[in-house]
Amino acid sequence: MSQLQPVRGTHDLIGDTARRHAHVVETAREITRRYGYEEWSTPIFEDTRVFSRTLGDTSDVVTKEMYTFEDRGGDSLTLRPEGTAAICRAFVTNGLTQALPQRVFYQGPMFRYERPQKGRFRQFHQIGAELLGATDALMDAETIAMAHAILKALGLGDAVTLEINTLGDLESRQAWREALVAYFKAHEDALSDESRARLEANPLRILDSKSPQDRALLKEAPKFGAYLNEFSRNFWDDLRRKLDLFGVSFVENPHIVRGLDYYSHTAFEFVTDRLGAQGTVLAGGRYEGLVAQMGGPATPAIGWAGGIERLALLIDSAPEQARAIAVLPTGDSTLPASITAVQALRQAGFAAELETRSSLKKRMERVVKSGAAHMVLVGEDELARGAVTVRDLGRREQVEIALDSLADHFLKAV
């Protein structure tokens, strides 16, 4: 049998890759905790309708990228391509619609069948946050500020730029949509084939087109700002004022859009020029109809998601794991005491390893090469005195310590 390899578009999390991944997750978990968020975990597969209804039947995710399968009971299931819909489903399923607001952090694998490239996989991982019951622009600004705080804590404050836009309310968006459709229909012959297909079903997605012929038409397309009603304009002004109060700088980008009708007002992206074409590392926006699509009441919310793989590529390094304390019995007679010592260290919170393989000399050489911080030698003579020898491998010093005080010795040194 030829050597088995990971499935295309997947990768193993090992060594430095695993440390970087864990650092992103742990940093996000800690920052969101400070903002009052609680971590939720939803299944990695859901009823297909959770995603097909909410992402839109014409979206690329639904039509081209979802991993959908029929199980043995005949039910259509889908590996989750994103986290927001699953969180909203859980919010309704667990009867939390009257307990607002709900501040939710999540992390885990997502699945999309697309062309793998740098920082993009078919099984990828995200951190995300949803504030369910977001009633005003202040909540939007705080949610964005929280994402910014995570990026700063990862050392990426100078590597990313926040771009924001307004999508207005449904009334404003409908007026703009009608103007866009009229404009694009007048220039239909100049549109790409893909955008002509989108013209009726989802014209806002034409604004995201990468086709040069479509991009040329966008220069003269109706601008959303001209169609904002008073409420939407006030919300937009308030968001920008609140971001200033949180000390979060931003750039306005009118090309940030969301194609589905339940998105409203705030849309934002943190972008970088350090990953080539894959410039967005974290993005989100306000939505108001998604919970209702899950069978719950109309619930305004705002959320964002960030790609862990992309963030891990950007950070300089992950914190090194604490160097282990190696415990070495000098012979079979000292093994019981050595086990007692290593377990006491672990229970005190230290990384500790029991070294028993090969001769004592080779074990000592292996421990030194491993980068261990300390070596604990459990010898017969010392043990007769109720003691062990502790060697500090960095300082090249050693001291005899009472066996029952071993953990306390290291705790005092921390």
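Residue numbers run from 1 in the order of the sequence given.
Sorted by first and then second residue, the salt bridge (Lys or Arg N to Asp or Glu O under 4.0 Å) pairs involving residues 143-167 (not counting sequence neighbours) form an empty list. Among residues at least two apart or in separate chains, there is no salt bridge (Lys or Arg N to Asp or Glu O under 4.0 Å) pair with a member in residues 69-79. Pairs passing the salt bridge (Lys or Arg N to Asp or Glu O under 4.0 Å) check and including a residue from residues 280-296, sequence neighbours excluded, read Asp140-Arg286, Arg286-Glu288. Sorted by first and then second residue, the salt bridge (Lys or Arg N to Asp or Glu O under 4.0 Å) pairs involving residues 295-306 (not counting sequence neighbours) form an empty list.
Using a 4.5 Å heavy-atom cutoff, the side chains of Gln174 and Glu171 are not in contact. Side-chain contact check for Val24 versus Ile127: some heavy-atom pair is nearer than 4.5 Å. Between Trp304 and Ile150 the shortest side-chain heavy-atom distance falls below 4.5 Å. Thr10 places none of its side-chain heavy atoms less than 4.5 Å from the side chain of Phe121. Taking the side chain as every heavy atom from C-beta outward, Met139 and Arg103 approach each other to under 4.5 Å. When side chains are defined from C-beta on, Thr266 counts as touching Ile144, because their heavy atoms get closer than 4.5 Å. Leu354 is listed as a side-chain neighbour of Ser338, based on a closest heavy-atom distance under 4.5 Å. Val390 has its side chain within reach of Phe410: a pair of non-hydrogen atoms, C-beta onward, lies under 4.5 Å apart.
Checked against salt bridge (charged side-chain N to carboxylate O under 4.0 Å, His left out), Asp237 has the following partners two or more places apart in sequence or in another chain: Arg240. The salt bridge (charged side-chain N to carboxylate O under 4.0 Å, His left out) test applied to Lys185 returns Glu200, not counting sequence neighbours. Residues that satisfy the salt bridge (charged side-chain N to carboxylate O under 4.0 Å, His left out) test with Arg323, not counting sequence neighbours, are absent from this structure. Here Glu82 pairs with Phe51, Leu55, Thr84, Ala85, Arg112 under the side-chain contact (heavy atoms from CB on, under 4.5 Å) rule; sequence neighbours left out. In terms of the side chain to side chain donor-acceptor pair (under 3.5 Å) criterion, residue partners of Arg391 (sequence neighbours excluded) are, by chain and number, Gln398. Residues passing the side chain to side chain donor-acceptor pair (under 3.5 Å) test with Glu365, sequence neighbours excluded: none. Remark: Arg34 pairs with Glu30 by the salt bridge (charged side-chain N to carboxylate O under 4.0 Å, His left out) rule, at least two apart or across chains.
Summarising the local packing, CD of Glu188 is surrounded by more than 12 heavy atoms from other residues, nucleotides or ligands at distances under 6.0 Å.
Note: Tyr183 and His187 have tilted aromatic rings, judged against thresholds of 30 and 60 degrees for the angle between ring planes.
When all heavy atoms of Ala344 and Ala407 are compared, the pair lying nearest together is O-CB, 4.0 Å. Taking all atoms of both residues into account, the shortest heavy-atom contact from Gln126 to Ala305 is OE1-CB, 3.7 Å. In terms of heavy-atom proximity, Leu167 sits nearest to Arg173 at O-NH1, 3.3 Å. Nearest heavy atoms, Arg80 versus Pro43: NH1-O, 3.5 Å.
Ion pairing of Arg241 with Asp238 is present here, as a side-chain N (NZ or NE/NH1/NH2) and a carboxylate O approach within less than 4.0 Å. With respect to Arg20 and Asp16, a salt bridge is recorded, a charged nitrogen being found less than 4.0 Å from a carboxylate O. Taking a cutoff of 4.0 Å between a charged side-chain nitrogen and a carboxylate oxygen, Arg366 and Glu355 qualify as a salt bridge. Salt-bridge check for Asp408 with Lys412: failed, with every basic side-chain N at 4.0 Å or more from each acidic carboxylate O.
Residues Tyr287 and Glu130 bring a donor and an acceptor atom of their side chains to less than 3.5 Å of each other.
In this structure, the separation between CG on Leu132 and OG1 on Thr299 is 7.5 Å, given to the nearest 0.5 Å. Between the CG atom of Leu154 and the CG atom of Asp316 there is a distance of 10.5 Å, given to the nearest 0.5 Å. Distance CZ/Arg198 to OG/Ser192: 7.5 Å, rounded to 0.5 Å. One finds the CD atom of Glu397 at 9.5 Å from the NE2 atom of His374 (value rounded to the nearest 0.5 Å).
A distance of 6.0 Å or more separates the ring centres of Phe246 and His148. The ring of Phe224 has its center closer than 6.0 angstrom to the ring center of Trp176. The aromatic ring centres of His265 and Phe231 sit less than 6.0 Å apart.
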Report, one line per pair, each donor and acceptor closer than 3.5 Å where one atom sits in a side chain of residues 86-96; sequence neighbours left out.
residue : atom : partner : partner atom : Å
Arg89   : NE   : Glu46   : OE1          : 3.0
Arg89   : NH1  : Thr93   : OG1          : 3.4
Arg89   : NH2  : Glu46   : OE2          : 2.9
Thr93   : OG1  : Arg89   : O            : 2.8
Asn94   : ND2  : Ala90   : O            : 2.8

His125 vs Glu309, test: side-chain hydrogen bond (donor to acceptor under 3.5 Å, both in side chains). Steps then yes/no. CA-CA 7 Å; His125 300 79; Glu309 280 83 359; 2.7 Å; yes

Phe268/Asn165 under side-chain contact (heavy atoms from CB on, under 4.5 Å): CA gap, chis, key distance, verdict: CA-CA 6 Å; Phe268 64 94; Asn165 191 26; over 6 Å; no

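Proximity of a side-chain donor or acceptor of Arg196 to a complementary backbone N or O of Leu191 within less than 3.5 Å is detected.
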